[in-house]
Amino acid sequence: MDFSQDHFALFDLPRRYAQDKSELERLYHEVLARVHPDKHAHLGDAQRRLAMQWATRVNEAYQTLRRPLSRAQYLLQLAGVDVEKARSMPAEFLMQQMEWRQAVAEMSEAGAVAELEKLHRRLKQEMEEQYKRLQSQLDAAGDASFHAAADTVRQLMFQEKLLGEIDDALEATEA
Amino acid sequence: MALLQISEPGESTAPHEHRFAVGIDLGTTNSLVATVRSGMSVVLSDELGRSLLPSVVCYGPQGVLSVGFEAQTHQAVDPKNTIVSVKRFMGRGVKDIAHIETMPYDFIEAEGMVRLRTVAGVKSPVEVSAEILKVLKARAEAALGGVLAGAVITVPAYFDDAQRQATKDAALLAGLNVLRLLNEPTAAAIAYGLDNAAEGIYAVYDLGGGTFDISILKLSKGIFEVLSTGGDSALGGDDFDHRVYCWIIEQADLQPLSHSDARLLLTRAREAKEYLTYHGEAPITVRLGSGEYVDVKLSTEKFSEITRTLVQKTLTPTKKALRDAGLSVAEVNGVVMVGGSTRMPQIQHAVGELFNQEPLNNLDPDKVVALGAATQANLLAGNRASNEDWLLLDVIPLSLGLETMGGLTEKIIPRNSTIPVARAQEFTTFKDGQTAMVIHVVQGERELIADCRSLARFELRGIPPMAAGAARIRVSFQVDADGLLSVSARELTSGHEARVEVKPSYGLSDDEIAGMLKEGFTHASEDAFRRALREAQVEAQRLLEATQTALAEDAGLLSMLERAHIDSCVARLQAVLVGDDRRAIDAAMATLNQATGEFAARRMNQSVRRALSGRKISEIQI
């Protein structure tokens, strides 16, 4: 097994953001069906170890490529762009995030399910736009767009977290 | 059109000897063993035709040990030495066990796992479970007439690493070769999915005697993929019994009970619960040893009322599992009910209401787990035919992490990660000149270390003195296909490598297990010797067969020199195989394994390339 191979090469896929989700899943299943430890359980120790290494590697690659955000982060990593060191975020974006976070806390306190759901929808919509933007930034060539993509990724990390918090709040109101 | 025939790696093209493999459902209340016979999964019965083995072990006077129905008869007479529901103690400390005050056992708090003082000495739950497994193993060997190649043992999906390791240790102690630990709801999904050719999203709701699991699976052709799992490893039918028990005490205004009265009343409570599955009201009458007489009636409504919070406790993780899978109730195609406790009408009702559909009850909830495990065992033993090939993708139920400064948890592998999985993270030193670091491995979802389960604590020593924050310590987690964790740590900046590798262990060290095994052997050492030899021979035969298959298929991947080396190792193993020197067999197997390592790697690469070449396995494998 070639451990230096990147996740895209592992599945013989082009190194880009846009991916066919069902094709990726199909390839994952095809490869895993051959390397999974269960397929080698009746064989010798060496082969079983090998199978575990392979399956671990394939799982990692799939989990990274499957989710748009981690796929984007991985592409930036391959391009040598450090997302952590990206430029500062627009003040406007940060303000809105803070406001929303506060709002989630208040709605959660008040058990305002409908409002939480509304905010959830709105945030989701906004994130969809962001992911579209991410695709054009990442799949266009040039360093400048990679840095722009890094900014989008950082914002999306915030937004995904907030979305999780809304989910938590909704779950809490249910219990 | 005739398609090119390419077999899977390891799949024998030549017919080979059928290897006996079993699936074991090691339950809280009952245990079962099943196997695949002429393509059909069947539960194996005892000589009286009973398939369930009550998970009860009685350590009687004068070293008389009984297991199952026989042991059950001693329950009320000798509760202290009759261990029931031992599964609830696996990998648990005293403080983890609910209602411990009502239990008749003499508990001893011990490192990692509780111990029980019995007339036969201090016993670990691992040893007690091993007694149950030994009986099932003997039953299987008698029925199959041969040495078992191995067993798949099921565990609740929500079992943590401590509970899994304890189960594996018990199997080891019983002399079983564990092919795999398999999650119970996943086993049920296999049995259900294969029987019904089901496709789509399925939820498996598994309420047993002492554990609750919920798993969400995606079933597609040949793939069983667990999307998420949740549950409560200390919630089951026993708790419903306990509610009824408390209710009776309150109704009948009873004085504090003796251990045998408590056991008797619990049995009556369970009988009442079971009666209510088919009747609207259960009469409970019992004459206690204290002379008190109980005569009460429990209605279905009352039963539902006193157990409502328990039912609710299963619905919360169910919703959470759905959310983790990113699915809504409407996307679930079916809900498979597993475990004897799902017979309770209030459970059926609550689950039906939550999923907005009738739960599926067309499989025997007591047997389905063992049947699924048997199918998996058959596959793992290498008995698969090309038309019954499928793949199972399972997950870990709880996040794995490390303790960081301030008693906080840093998650390394999140829950619901598909296994096997590995993840590494770098940490640094806190003080100038720090040469050692404590690595504390935990499992759980909470932020605070104190709220998570501690799995292992070890120290990485020999870090070269550096300024605080300069060292780079890489901690790697690997979870294998059984869901078991191993952890290693090394310092990266210096050429000097400090490295530790641990497998968390729970109260039973490898030495202790070796000691227990040896003790077992001295009882019948001649027999044990022959058995060990026979097992080594079976194993060697298996390896030879696999090697020959591989050579027949892919000899082209080897140079002449490499081929000659493998051939000589094969010849060596064949030569010692006919003798009775077990060590020589083991050594020759190790040499052959080593000699074929590179060959195996090349075959795997080739196999992956074929997988990616665009043809579906189903098309290749006619």
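Quantities reported herein were computed from a predicted structural model and do not represent experimental measurements. The sequence lines fix the lettering, A, B, ..., with proteins before strands; numbering per chain opens at 1.
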Is atom CD of B:E426 surrounded by more than 12 heavy atoms (other residues, nucleotides or ligands) closer than 6.0 Å? yes
Minimum heavy-atom distance between A:K39 and B:W390, given as atom pair plus value: NZ-O, 3.8 Å
If you draw a 6.0 Å radius around NZ in B:K319, do more than 12 non-hydrogen atoms from other residues or ligands fall strictly inside? yes
Approximate separation, where rounding is to 0.5 Å, of B:R603 CZ and A:R34 CZ: 11.0 Å
A:N59 and B:P420 have their tightest heavy-atom pair at ND2-O, 2.8 Å
Show the nearest heavy-atom pair for residues A:V31 and B:L612, with the distance to one decimal. CG2-CD2, 3.6 Å
A:Q96, CD: over 12 other non-hydrogen atoms inside 6.0 angstrom: yes
Quick check on A:R101: does its CZ atom have over 12 non-hydrogen neighbours (other residues, nucleotides or ligands) under 6.0 Å away? yes
Check A:D168 with B:R323, please: is the shortest side-chain N to carboxylate O separation under 4.0 Å? yes
Starting at CD of A:Q47, measure out to CG of B:N593 and round the result to the nearest 0.5 Å. 9.0 Å
Minimal non-hydrogen separation, B:L392 against A:H36, with atom names: O-NE2, 3.6 Å
Nearest heavy-atom neighbours spanning A:E30 and B:A611: O-CB, 3.7 Å
State, to 0.1 Å, how close B:E225 and A:E25 come at their nearest heavy-atom pair, and which atoms those are. OE1-OE2, 3.9 Å
Check each atom of B:L543 against the heavy atoms of chain A and say whether the ones under 4.5 Å are side chain, backbone, both or neither. side chain
Can you tell me how far the CG atom of B:N605 sits from the CH2 atom of A:W54, to the nearest 0.5 Å? 5.0 Å
So, do B:K320 and A:E171 sit near enough that their side-chain heavy atoms are less than 4.5 Å apart? yes
With a cut-off of 6.0 Å (strictly less than), are more than 12 heavy atoms of other residues, nucleotides or ligands near CZ of A:F158? no
Side chains of A:Q63 and B:S417 only: does a donor on one sit below 3.5 Å from an acceptor on the other? no
Is there side-chain contact between B:V421 and A:E60, with at least one heavy-atom pair below 4.5 Å? no
Taking side chain as everything from C-beta outward and backbone as N, CA, C, O, which of these in A:E23 sits under 4.5 Å from a heavy atom of chain B? Side chain, backbone, both or neither. neither
Looking at OH of A:Y28 and OG1 of B:T418, how far apart are the two atoms once the value is rounded to the nearest 0.5 Å? 4.5 Å
Checking B:Q594 against chain A: side chain, backbone, both or neither under 4.5 Å from a heavy atom? neither
Exercise: do B:Q376 and A:D38 side chains pair donor with acceptor under 3.5 Å: yes
A:R66 atom CZ, over 12 foreign heavy atoms within 6.0 Å: yes
Any heavy-atom pair between the side chains of A:H29 and B:L391 that's under 4.5 Å? no
Min side-chain heavy-atom separation B:R609-A:D12 under 4.5 Å: no
